[in-house]
There are 4 protein chains.
Amino acid sequence: MSAIKQRKIGIIMNGVTGRMGTHQHLMRTIVPIMREGGVWIDNDTCLMPDPVLVGRNEARLEKLATASGINKWTTNCEKALSDANNIIYFDAQTTSRRVQSVKTAIEAGKHVYCEKPTALTTAQALALYHQAEAAGIIHGVVQDKLWLPGLLKLRMVGKSGLLGKILSVRGEFGYWVFDGDGVPAQRPSWNYRTEEGGGIILDMFCHWRYVLDNLFGEVSAVSCLGATHIPGRWDENGRPYGANADDAAYATFELEDGVVAQFNSSWTTRVRRDDLLSVQVDGDHGSAVATLRRCFVQPLSATPRAVWNPDIDDPHDYLSDWLEVPDTVAFPNAFRAQWELFLKSVAAGTHFRWNLLEGAKGVQLAEKGYESWKRRAWVDIEKLQ
Amino acid sequence: MSAIKQRKIGIIMNGVTGRMGTHQHLMRTIVPIMREGGVWIDNDTCLMPDPVLVGRNEARLEKLATASGINKWTTNCEKALSDANNIIYFDAQTTSRRVQSVKTAIEAGKHVYCEKPTALTTAQALALYHQAEAAGIIHGVVQDKLWLPGLLKLRMVGKSGLLGKILSVRGEFGYWVFDGDGVPAQRPSWNYRTEEGGGIILDMFCHWRYVLDNLFGEVSAVSCLGATHIPGRWDENGRPYGANADDAAYATFELEDGVVAQFNSSWTTRVRRDDLLSVQVDGDHGSAVATLRRCFVQPLSATPRAVWNPDIDDPHDYLSDWLEVPDTVAFPNAFRAQWELFLKSVAAGTHFRWNLLEGAKGVQLAEKGYESWKRRAWVDIEKLQ
Amino acid sequence: MSAIKQRKIGIIMNGVTGRMGTHQHLMRTIVPIMREGGVWIDNDTCLMPDPVLVGRNEARLEKLATASGINKWTTNCEKALSDANNIIYFDAQTTSRRVQSVKTAIEAGKHVYCEKPTALTTAQALALYHQAEAAGIIHGVVQDKLWLPGLLKLRMVGKSGLLGKILSVRGEFGYWVFDGDGVPAQRPSWNYRTEEGGGIILDMFCHWRYVLDNLFGEVSAVSCLGATHIPGRWDENGRPYGANADDAAYATFELEDGVVAQFNSSWTTRVRRDDLLSVQVDGDHGSAVATLRRCFVQPLSATPRAVWNPDIDDPHDYLSDWLEVPDTVAFPNAFRAQWELFLKSVAAGTHFRWNLLEGAKGVQLAEKGYESWKRRAWVDIEKLQ
Amino acid sequence: MSAIKQRKIGIIMNGVTGRMGTHQHLMRTIVPIMREGGVWIDNDTCLMPDPVLVGRNEARLEKLATASGINKWTTNCEKALSDANNIIYFDAQTTSRRVQSVKTAIEAGKHVYCEKPTALTTAQALALYHQAEAAGIIHGVVQDKLWLPGLLKLRMVGKSGLLGKILSVRGEFGYWVFDGDGVPAQRPSWNYRTEEGGGIILDMFCHWRYVLDNLFGEVSAVSCLGATHIPGRWDENGRPYGANADDAAYATFELEDGVVAQFNSSWTTRVRRDDLLSVQVDGDHGSAVATLRRCFVQPLSATPRAVWNPDIDDPHDYLSDWLEVPDTVAFPNAFRAQWELFLKSVAAGTHFRWNLLEGAKGVQLAEKGYESWKRRAWVDIEKLQ
């Protein structure tokens, strides 16, 4: 028996005290990877993350260190960057701090992995990409929804040929976010303030871009109408405030090959569908509906011959015409799945597919969505490079 | 006991051999009205329709006369118009013949009731309206969906105050129309040919206009993307043909007071929802979802506090959060309901609310929908008068 | 990082060896508050209870001290009152001892928090209130049902507008208390003896008063019939005794604005309803039914059109016409919730809303209930002040 | 084999064109009795009803004659009374016409059977009884609820000893009667107008009297609060009107032996219980709940030992603690069951138990209910004789 080689890999985790940083990236990804002995990169080599927690509030860092069992933490990011053992810089800070921090990390020669949106403008996002490429580092951006079990199943359905040629896609995302008067809101108040980076278009179009590009075809144009349906809300301390960011977006996308994708995103709708997110794909040979973790199909040969006859009660149960895609493989946490792939890329020194260019495309789609809303017209999505 | 007064009312039914004319207008409306003794207009007066069937094919007319038990029929519409006993002209011909026929009927002094679209252009539709007004006749246009049980229940829900202020509306209409290769198509082939008045925008936007105007607020602008997803189909005789008309439309409407209505119409989608048509209305105090004949509600106080957590299976059944609106009143056939109101208007000599102006608005919305598609931009809907 | 300031707050807990004192006030409220680090009154100040347990039985006090981990206890209440660190006096003794003890505590300058009923007569209860006001202390009375999840949800439903104008309220409280012959009774025997302060009217009307006043409107009149349905019972030691206190009460209340509230309270009924307590509110726009921890609603638009037809089996399931109000907020223990509010009032030096005047109103309603029973007539409830 | 003797029995059915007269008395009782060959009174004798339909509207009588197949009808009641073959006079007219008509029938020597209320005042109702007794005729009053399957089962349960001594009774009757604005009301508008004999107390207390007297003990006192919760309604023609009659009544009755019966009657409540009417009886040995057609029991030995503990979720399903009384006998239509008994009494020449004295008691309870409401006090029910 040959000995197992464990390679330590230093990771600066900046902004890890935020909601996503703590739960998704640290507690559900890095900590379990460490507890389970690291990420295997070949038969006898294992990558073991060696994180340092970085944030701005000492008390919260200390508490998180205790909770996670990770004893390295600091409020001094520069110092962490100066440590040559730390070869990866991860960023989950609020969006407005991302560009400068990532820039500094690249200058320090670190590989970079970061949350979306990568920047507040396409120009900045693209500049980061160019800088990273010039520096020769490996870079990645979180695109977790690609590893959602429902979307993975949908991809398998597409690959199986059941859909035939894809004709159209419908996405319905949303739920009722309480206004905070009585029932506390499920989202932070900054989401509803433009000046703090709020807005559902900025938040969600980054996701829709990579979902569409990867599953159904490259986005070539967007038509988007935003709205602030609920103008007054109550914040975390029960104080009323004016909401000026978009809380709903009604968008249609054109994809290559004439596929049309219509997506509604809303924090002001109630859910009468399978899940908080559902994506229906209609093809000439069949259709599929994906939820967060499930997927249902209806092949052409089992498609009912519905007839429009509203005069009489229709006892047909349309939900019963679909068949669920079974769980044939295990699905790890989506964030962890992408992290492991990134760590392997770094270990192997290879290009990472979901990188800063892909991240910039997400920012671009949000930017173009706002432009479309303002101009009241379709806006083409030029290719970034 | 006072005697019952029966007033005969002569009706020219032109185009009654077509699908809608035969089933909805003749066999499910005029024939049962006659069999049940007419339409009561006050305690002792009853209107008894006295129809004459008009069409272009003698054999079909004769067959229909036998089936309906109505022995008056002719291929000579002019003759029917010259009979002073016939005071109503009804038109269910193909759209391209409607304008000229209605025009002639108005000139002959008849009251007019007709199918939609009333014309192929807004200008023509509006001209018909002006002509009818100038002639002082009573005129009406079929807007049957307003009497669908599901939409009537939805209106009652709105009136009851459950929705509060309406924020947005989502309409999803459609089903899979087979291409005719093997399984026969559920719709006639002319629906898929532009030159014969086909196209889902022209067909459905006439409906969406009066549904939106009457239930949620006047339409002020439209953004629409059409598509011909299935370019090749097989006709009634099994012969392949090229389809050039739009078979799907992705539209967003702006209504007064900032309400946004997003409506998909498609003959190329499969149904994973309550019914072939479903309309969801979200308000700040509650939501409702109407299908053709049913309606479901979710008040604010019973709205679940959904939390986005795609990592773990969500056992919540979102359909169980809704309560069905019960059948508290009897709902007659929608076509018959509107016919009876029109007959009463004629008997009373009063203005009919759903008239040629309303019909013209439907044509206008379809026209503007096509314009939006072509211009790739939002198009405002100016007020017609 | 600024240091956390912890303010100790001495609390004399008199009568803490009784059932309510031990379970609700000590073990489920003060002890967990202490274990969880106190009550936060602002971002960096925390109130830490410092209780002294007071009772009449040394052995029970010692045992309770061990169970709770609170090492200060005494049978000498006077001594505890003389300690200036003890700024709150809490009383959970039997009702007959309450007035004198609270009086003494007020004279000693303590803030007062106590169980209900605050006295055996309205005059005494009101005198306590006046004494407390004159002394300038902060005072509160336990009104725990206001923090029951079911009633909190009911209040949210009312606030959401679903009920419209409230027409009537029906309360059904009760369950079968075994007579102690074989199956031990679930309630102490003194509950069934008038001379020891027993009686369901005295016990429950204190609750109904604040529930009605706070949720549905001020009580203006009462009609009450009491009964001693089970005249013979067996006590804690298995000895038979004569029960002379009321074990059931049938009451109707008039509230402001013409609302009628009909409440049955009984220890001699069996439960065929959602819970031991259920409160139905009917309004012109909808109804709600609250249980201890749940709430169900039926809006007007989903109200079935029931028709009286007892000849034939009615397959309708009336329970299915209701929608449950989901758990959108976390509900702490009701007793603890009110305690924390009281502690904050004391810390801030502000008036406490549920005070000795409110407590006196509860005693008044019980007194007027007994008067109505005796006089066999409606009795008006004059305003206390 | 001896021959079957068929005895014809002439019955004047006055007011048979009304709702109850037509459906319950004629179509569901007399007509099926006739079709099934009459009522057997001993092994070889059968009573065959020979009805004459009496009303005020010829057209409606003629239509009813056709529907029922009974060819004798007249608008001249006097003539029918003068026919010696008609030995029974039945009255289902509106209440205001009953007294004079019944009086005339007794004077004509007819046996009398009639609907409730028998009169608008106790004095009149009692006078009718005295007149009938003096005339030596056999007389009966409809008390159909006694033959409801649910109440028959309840009586069987009581007889079986399961309840032990009855302690208390709770009746909950009612449902939401729509106000007629949109959804048509389920009850006639005169029900809501005092001047036309409306009011729920007058309507329902006639029933509660015989239900209480026969099942639980004679009523000795009443306390009643009425209310007009919905002051504005829309009538059969969609016209708004002011409602001044009581639409809800909150009553408590004292029965002999100290039994307390609390009954709510309401046309302004929504149903969260087993049925439109439910009656719970609590006894020291067990409880029973009757609905219109079902009955559920809980014996002492299966009574759960409920403990009041609102702090924690109570997963106990209280509805599952009850056992349904099975259908061990067939239950005929309640109206028909009483009719058959009355016909047998007439044939045998014997006293009928549910007679004009019992009918007068019903009127008395309504009268005393209104008096209690007005006087805001308990009112004793003196014995009628």
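Here is how names work: the chains are called A, B, and so on, in the same order as the sequence lines, proteins then strands, and each is numbered from 1.
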Practice item. Under 4.5 Å heavy-atom distance to chain C, tell me which part of Leu323(B) shows up: side chain, backbone, both or neither. Key: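 It is both, since atoms from each part get that close.
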Check your understanding: Is any side-chain heavy atom of Pro299(B) less than 4.5 Å from a side-chain heavy atom of Val297(C)?
Key ->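 Yes, at least one pair of side-chain atoms sits under 4.5 Å.
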Check your understanding: chain C: which of Ala306(B), Ser160(B), Gly286(B), Cys295(B) shares the most heavy-atom pairs with it under 4.5 Å?
Key ->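 The candidate making the most pairs under 4.5 Å is Ser160(B).
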**Study point:** Most chain C-contacting option - heavy-atom pairs closer than 4.5 Å, from Ser301(B), Gly164(B), Gly161(B)
**Key:** Ser301(B)
Check your understanding: Roughly how far apart are Asp327(B) CG and Arg305(C) CZ, rounded to 0.5 Å?
Key ->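 These two atoms lie 11.0 Å from each other.
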Practice item. Find the distance between CD (Glu324(C)) and OG (Ser320(B)) and round it off to the nearest 0.5 Å. Key: 10.0 Å
